[in-house]
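The block underneath contains the structure these notes are about, expressed in structure tokens.
First listed ligand is number 1; within each ligand, the first listed atom is number 1.
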Amino acid sequence: MWRYLVTAGTLFRPVIRFDSVTSTMDVLAALAEDGASSGTTVVAGVQTAGRGRSGRAWTTPPDTAVLMSTLLRPPRPLSKCGIFALLTGLAVAHAIEPWTGRTGEIKWPNDVLIGGRKVDGILISARPGAAPESATLIAGIGINVTTAAESLPPGATNVQLHTARAVTPAMVLQALDGSLQEVYARFCEDDLDATLVELNERLAFRGQDVTVEDGPRKIAGRVHGVTRDGGLVLNQNGRSVLIRSGELTRGPRPIEP
Ligand code: BTN
């Protein structure tokens, strides 16, 4: 049962707020099936079956994190939506910087880091839209805001740890409403040149050696940058390799032949 509904957001409207849900992704997917409009956003205090990428669970204690999914119906074909996870990460980085005072790094394909630690995870569900050249996107966003250190997974952080000022999930959600609206407008207009430059400036591990695991494939190389369609370019012994999906970890260079 929803608790309350807010309609005054910039991008997020209406916002449907629940105390507890299985996953905001499931609730919003059902609303999307029923024809919910672009901007419809589901927010929860806690999730009983929150999920991350690659089937991982996403668990946070009640009311300590932004747990939300937003439905967007951009006038962009699905083939042009590969960059949307990175754009969402950029919007999250912008939203939290007034508190952290630090430049949030974007870890390909979809995390935001502060000082090398994960503060946010993003899960995108994308389908072709009802109209030609349109898509239906559900962006699931989890931001650790006041989550106690002992409840954070290894390598994670929260926003509150980086500021002496009070911060709550509701405050961060409001900031994200504005910052996601900005990048979403540029995405809809295909006006992404400057945004792509910023994404690459903020790209975690740029110039460093990493390994990307994509199913059974393991690709090692040095991070060069991200492309307009959201791919990652690695430099592998002098040759560029474009990777479209996978899990990135910092790691050793492949052995030179
Ligand atoms: C990841 O880092 O693997 C992605 C995590 C995404 C978590 C968010 S929390 C809100 C939304 N609902 C979910 O079940 N998952 C996303």
Nearest protein heavy-atom contact for [atom]: which residue, which atom, what distance?
atom	answer
atom 5 (C) of ligand 1	Trp58 CE3, 3.4 Å
atom 2 (O) of ligand 1	Lys118 NZ, 2.6 Å
atom 3 (O) of ligand 1	Arg53 N, 2.7 Å
atom 15 (N) of ligand 1	Arg51 O, 2.7 Å
atom 9 (S) of ligand 1	Gln47 NE2, 3.4 Å

Measure the shortest side-chain to side-chain distance between Val112 and Ile143 over non-hydrogen atoms and say whether it is less than 4.5 angstrom.
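Heavy-atom side-chain distance check fails, nothing below 4.5 Å.
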Could you check whether any side-chain heavy atom of Cys188 comes within less than 4.5 Å of a side-chain heavy atom of Pro75, counting everything from C-beta outward?
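Yes; the side chains approach each other to less than 4.5 Å.
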Heavy atom under 4.0 Å from ligand 1: found in Met68's side chain, backbone, both, or neither?
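Just the backbone.
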Which atoms from ligand 1 have a heavy atom of [X] less than 4.0 Å away?
X	answer
Gly52	1 (C), 3 (O), 4 (C), 5 (C)
Gly142	8 (C), 9 (S)
Arg56	3 (O)
Gly50	14 (O)
Asp111	2 (O)

Set of side-chain hydrogen bond (donor to acceptor under 3.5 Å, both in side chains) partners for Thr40, sequence neighbours left out
none
Got a sec, which pairs hit side-chain hydrogen bond (donor to acceptor under 3.5 Å, both in side chains) with one end in residues 76-91, sequence neighbours left out?
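Applying side-chain hydrogen bond (donor to acceptor under 3.5 Å, both in side chains) to every pair that reaches into residues 76-91, excluding sequence neighbours, yields Arg76-Asp190.
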Can a side-chain donor-acceptor contact be found between Ser240 and His224 if the only test is distance below 3.5 angstrom?
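There is no such pair (donor and acceptor under 3.5 Å, judged by atom type) between the side chains of His224 and Ser240.
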Lys/Arg-Asp/Glu bridge criterion (N-O < 4.0 Å) met for Arg13, Asp177:
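Result for this pair is no, no salt bridge flagged.
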Salt-bridge present (Glu33, Arg127; N to O < 4.0 Å)
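Between Arg127 and Glu33 there is a salt bridge, with a charged N closer than 4.0 Å to a carboxylate O.
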Ligand 1 to Ser23 polar contact by distance, N or O atoms, under 3.5 Å
yes
Between Glu198 and Arg186, is a salt bridge (Lys or Arg N to Asp or Glu O under 4.0 Å) present by the stated rule, with each step listed?
CA-CA 13 Å; Glu198 186 183 357; Arg186 277 179 270 166; 5.2 Å; no
Look at atom 4 (C) of ligand 1 and find which of Ile143, Ile122, Thr59, Thr24 reaches it with the closest heavy atom.
Ile122
Asp111 and Arg53: CA distance, side-chain angles, deciding distance, salt bridge (Lys or Arg N to Asp or Glu O under 4.0 Å) verdict:
CA-CA 11 Å; Asp111 292 340; Arg53 293 175 69 241; 6.0 Å; no
